[in-house]
Amino acid sequence: MSSLVRQFLVMMRANLAGLRRRMAISLSMMLSVALVVGVLAGFLSMAAGFEKVLTGTGSPLVAVVLGGGTNQETGSEISSEALRGIMALGGDIGAARDAAGHLIASREIVVTTEAAATSLALRGMDQAGPGLRDGVTLTDGRIFAPGMREIVVGETLARDIPAFALGRTVRLGTLDWTVVGLFSAGGSAFESEIWADLDTVRAAFDRQGEVQSLRLRLVDPAGIATLRQALDRITALPLTALPEPDLYAGQSGRTADLIRMFGWPLALLMAVGAAAGALNTMMSSVADRTVEIATLRAIGFGRVPTFLATWAEAAVLALAGVALGTGLSWLLFNGWQASTLGAGNTRIGFQLAVTPQVMLSAGLLGLVTGLLGGALPALAATRLPLTAALRARG
Amino acid sequence: MTTTPDLTPWITLQGVRKGFRIGTETVPVFSGLDLTIPRGDFVAIMGPSGSGKSTLLNMLAGIDSPDGGTLQIGGARLDSMGESARSAWRAHNMGIVFQFYNLLPMLTAAENVELPLLLKPIAAGDRRARVEKVLELVGLAGRGRQYPALMSGGQQQRVGIARAIVTDPALLLCDEPTGDLDRKSADDVLDMLRFLNRELGKTIVMVTHDPQAATHARRTLHLDKGQFVEERKAA
Ligand SMILES: Nc1ncnc2c1ncn2[C@@H]1O[C@H](COP(=O)(O)OP(=O)(O)OP(=O)(O)O)[C@@H](O)[C@H]1O
Ligand SMILES: [Mg+2]
């Protein structure tokens with residue numbers, strides 16, 4: 001072990017032992033770093049949770065066909081002519097067929113409606129629709145019946161809004177609907193939707209004849225390419241086919257970025273304040289240790305270990321703040337239910353996710369805050385007038 | 001065996017000038033101070049408050065540097081060394097005894113004594129052995145594990161002396177080493193310094209207000225208004 005390391009270690013030990021004398025101000029630095037970490041972790045975990053829901057939604061074995069040159073359901077339209085063309089496509093088009101040779105398909109439309117003062121997505125679908133959702137299980141009740149004003153509701157939604165309990169009647173648009181079933185989809189974005197019969201929805205919202213999207217089951221994930229080629233044969237309308245996960249992942253990007261764009265500047269602003277607090281804490285630590293530092297320097301201890309030991313004290317306090325901040329964030333935020341507006345301005349429920357990535361980002365910000373605030377005091381420690389050591393009472 | 005100083009100058013100050021800036025004014029403390037101290041001497045420096053005793057000692061310690069003139073110790077020109085060179089020189093050539101002991105409260109007596117050894121390439125086992133030896137020398141054998149706060153002032157100062165001599169430096173600088181002690185403890189400490197000078201040949205420069213303390217030295221220098229005014233040889 002080199003002399004430099006030994007000097008650093010003994011100075012560091014003296015610093016840490018002296019922390020008890022500086023308890024209050026050291027705690028305040030720790031807490032302000034923890035606050036910065038907590039705020040950033042809050043926003044980042046929100047973005048991460050939102051992304052997790054949307055990227056976890058959909059199956060690669062399901063294709064969504066959209067019309068009109070968009071890759072979102074909102075704004076997409078498939079004309080009846082194009083629809084007839086798709087259903088009439090023969091041969092291997094990458095999509096699965098039933099025993100009779102018909103495509104397994106669900107025509108769908110999403111309307112935005114309101115209940116309990118919340119914008120909600122009501123999805124009308126063919127009877128094959130629920131079967132075209134992988135990972136979805138009916139947990140209670142039954143599927144909606146054709147022609148009936150019945151709805152099946154995701155569990156997230158049913159838990160968040162009591163009006164959607166099984167058996168209840170809910171007014172959507174101008175008409176009353178009965179909740180006949182609940183489904184779970186592993187917390188994915190499906191769970192924020194309301195499902196009903198296609199024709200009933202179209203009639204209730206005056207959207208007769210409209211189809212926004214067509215869901216098809218693929219024979220395998222690679223079937224999407226074959227499907228795209230087959231769709232090119234239909235000239236009535238430009239058609240796009242997306243694997244279902246891509247559809248939802250595409251929605252997540254913008255909202256998650258927005259959350260981050262709001263969270264980072266706020267956290268950085270607070271970090272500036274916390275760094276100023278750290279500077280204050282460390283300055284008072286140096287002042288408190290003046291005699292100690294000057295004595296060691298008078299004995300012959302160098303400037304480099306003096307700098308490093310003070311800086312390391314700042315790092316230790318910042319890291320304690322980071323541990324507190326990430327720990328509390330994890331306890332408080334992780335799994336916390338939240339909701340935001342997703343595509344088509346409808347509500348999407350999700351859970352905040354304090355992922356390792358979130359903790360790393362927030363933790364690094366906390367550490368950098370402490371290191372920035374501690375640098376100047378560490379420099380000041382190396383410049384203390386040594387004459388103080390001979391004069392002052394230890 | 002009792003050593004006697006050989007009279008060749010070992011510490012030499014020539015025309016040393018030193019002042020302190022207060023605002024825009026420079027208040028001079030020394031304007032041309034000359035001093036020679038031979039190796040093995042034990043010099044007490046006395047004088048009224050503000051006469052520059054501590055300033056002189058700080059310059060000898062390399063903690064402060066002269067504004068002008070030359071300051072040489074054992075062939076090393078302290079006045080022309082940079083800060084880090086002086087720091088290294090200090091670590092190898094001198095020990096400092098402080099008025100208020102300046103022990104680190106969170107370290108045991110032994111750990112305090114060990115501090116200067118940390119600057120040298122000495123193995124941990126050897127360091128401990130040397131600490132044991134000097135603690136014994138200052139009459140604190142077996143007290144190594146005690147914390148300074150639990151010791152009397154006299155004991156703490158003996159720990160301070162042990163720390164100053166643990167690297168076996170040729171020069172000891174003491175700024176009012178007995179200033180904070182009762183008569184009995186002060187006499188113990190002074191006897192200890194006399195022993196270090198007479199038996200181990202340490203050169204000692206000691207600043208003191210205590211005429212009694214000065215009698216332990218080989219000679220006493222009186223500083224007044226930045227000049228030495230009279231020299232009195234000890235009996
Ligand atoms: N760092 C400093 N800044 C400004 N003036 C100083 C400084 N150190 C010492 N002085 C001044 O230099 C003069 C000599 O001070 P010094 O401490 O050497 O005196 P001293 O003889 O040790 O006094 P005392 O017996 O009180 O310890 C005094 O006038 C003092 O005010
Ligand atoms: Mg003084």
Side-chain angles (χ1 to χ4, degrees), chain A residues 1-23 26 285-310 312-313 316 378-394, chain B residues 20 53-55 57-65 83-84 86-107 111-124 127 147-149 156 160 163-164 166-167 169 173-177 179-180 207:
Chain A
M1 200 165 40
S2 87
S3 158
L4 212 68
V5 175
R6 284 197 300 256
Q7 291 176 53
F8 168 76
L9 287 180
V10 77
M11 282 182 135
M12 194 61 210
R13 210 181 124 199
N15 276 7
L16 295 183
L19 274 181
R20 226 173 312 156
R21 286 198 308 252
R22 308 186 287 274
M23 184 74 99
S26 302
S285 159
V286 171
D288 181 52
R289 293 183 292 118
T290 300
V291 176
E292 231 163 87
I293 295 169
T295 302
L296 289 171
R297 297 267 294 116
I299 287 173
F301 278 52
R303 279 192 158 148
V304 173
T306 305
F307 179 90
L308 289 180
T310 305
E313 183 190 332
V316 165
L379 206 62
T382 68
R383 312 215 156 259
L384 281 178
L386 297 192
T387 47
L390 289 170
R391 203 182 318 237
R393 185 176 276 273
Chain B
F20 291 102
K53 304 184 296 293
S54 296
T55 305
L57 208 67
N58 286 346
M59 288 193 295
L60 289 176
I63 278 171
D64 214 341
S65 55
E83 208 282 332
S84 58
R86 276 187 276 137
S87 175
W89 192 89
R90 204 154 55 227
H92 288 93
N93 296 286
M94 69 173 65
I96 305 176
V97 179
F98 304 92
Q99 176 176 356
F100 300 112
Y101 332 129
N102 289 40
L103 303 177
L104 271 59
M106 65 291 290
L107 303 183
E111 287 167 339
N112 268 287
V113 173
E114 192 188 8
L115 289 172
L117 292 177
L118 297 179
L119 302 170
K120 305 189 160 227
I122 302 174
R127 289 203 301 269
Y147 283 90
Q156 290 189 53
R163 183 176 64 187
V166 72
T167 57
L173 300 175
C174 317
D175 195 349
E176 308 201 23
D180 211 41
V207 164

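What you see is a predicted model, and the numbers here were worked out from it, not measured in a lab. Here is the naming used below: chain letters follow the sequence lines, and residue numbers restart at 1 for every chain.
- Considering only residues two or more places apart in sequence or on other chains, N15(A) meets the side-chain contact (heavy atoms from CB on, under 4.5 Å) condition with R289(A), A309(A), E313(A).
- Looking at P116(B), both its backbone and its side chain come within 4.5 Å of chain A, counting heavy atoms on both sides.
- The side-chain contact (heavy atoms from CB on, under 4.5 Å) test with L118(B) is passed by exactly one of I299(A), L9(A), V10(A): V10(A).
- Contact of the R127(B) side chain with the R6(A) side chain is registered, since non-hydrogen atoms from C-beta on lie closer than 4.5 Å.
- Counting heavy atoms from C-beta outward, L386(A) and N58(B) have side chains that stay 4.5 Å or more apart.
- In this structure, the portions of L115(B) lying under 4.5 Å from any heavy atom of chain A include both its backbone and its side chain.
- There is no contact between R86(B) and chain A, counting heavy-atom distances below 4.5 Å.
- Listed by chain and residue number, F8(A), M12(A) satisfy the side-chain contact (heavy atoms from CB on, under 4.5 Å) test with A312(A) (two or more places apart in sequence, or in another chain).
- Of the possible polar contacts, none joining the R297(A) side chain to the I63(B) backbone as a donor-acceptor pair under 3.5 Å is found.
- Contact between M106(B) and G18(A) at its shortest, heavy atoms only, is CE-N, 4.4 Å.
- Residue contact with chain A, scored on non-hydrogen atoms closer than 4.5 Å, involves the side chain of E111(B) exclusively.
- Annotation for G300(A) and S87(B): closest pair O-OG, 3.3 Å, computed over non-hydrogen atoms.
- Only the side chain of L296(A) comes within contact range of chain B, with heavy atoms under 4.5 Å apart.
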Go through the steps for R383(A) and E83(B) under the test salt bridge (Lys or Arg N to Asp or Glu O under 4.0 Å), then give the verdict. CA-CA 11 Å; R383(A) 312 215 156 259; E83(B) 208 282 332; over 6 Å; no
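- Side-chain contact between R13(A) and L107(B) is present, with at least one heavy-atom pair separated by less than 4.5 Å.
- Chain A forms more heavy-atom pairs under 4.5 Å with one residue of L104(B), T167(B), T55(B) than with any other, namely L104(B).
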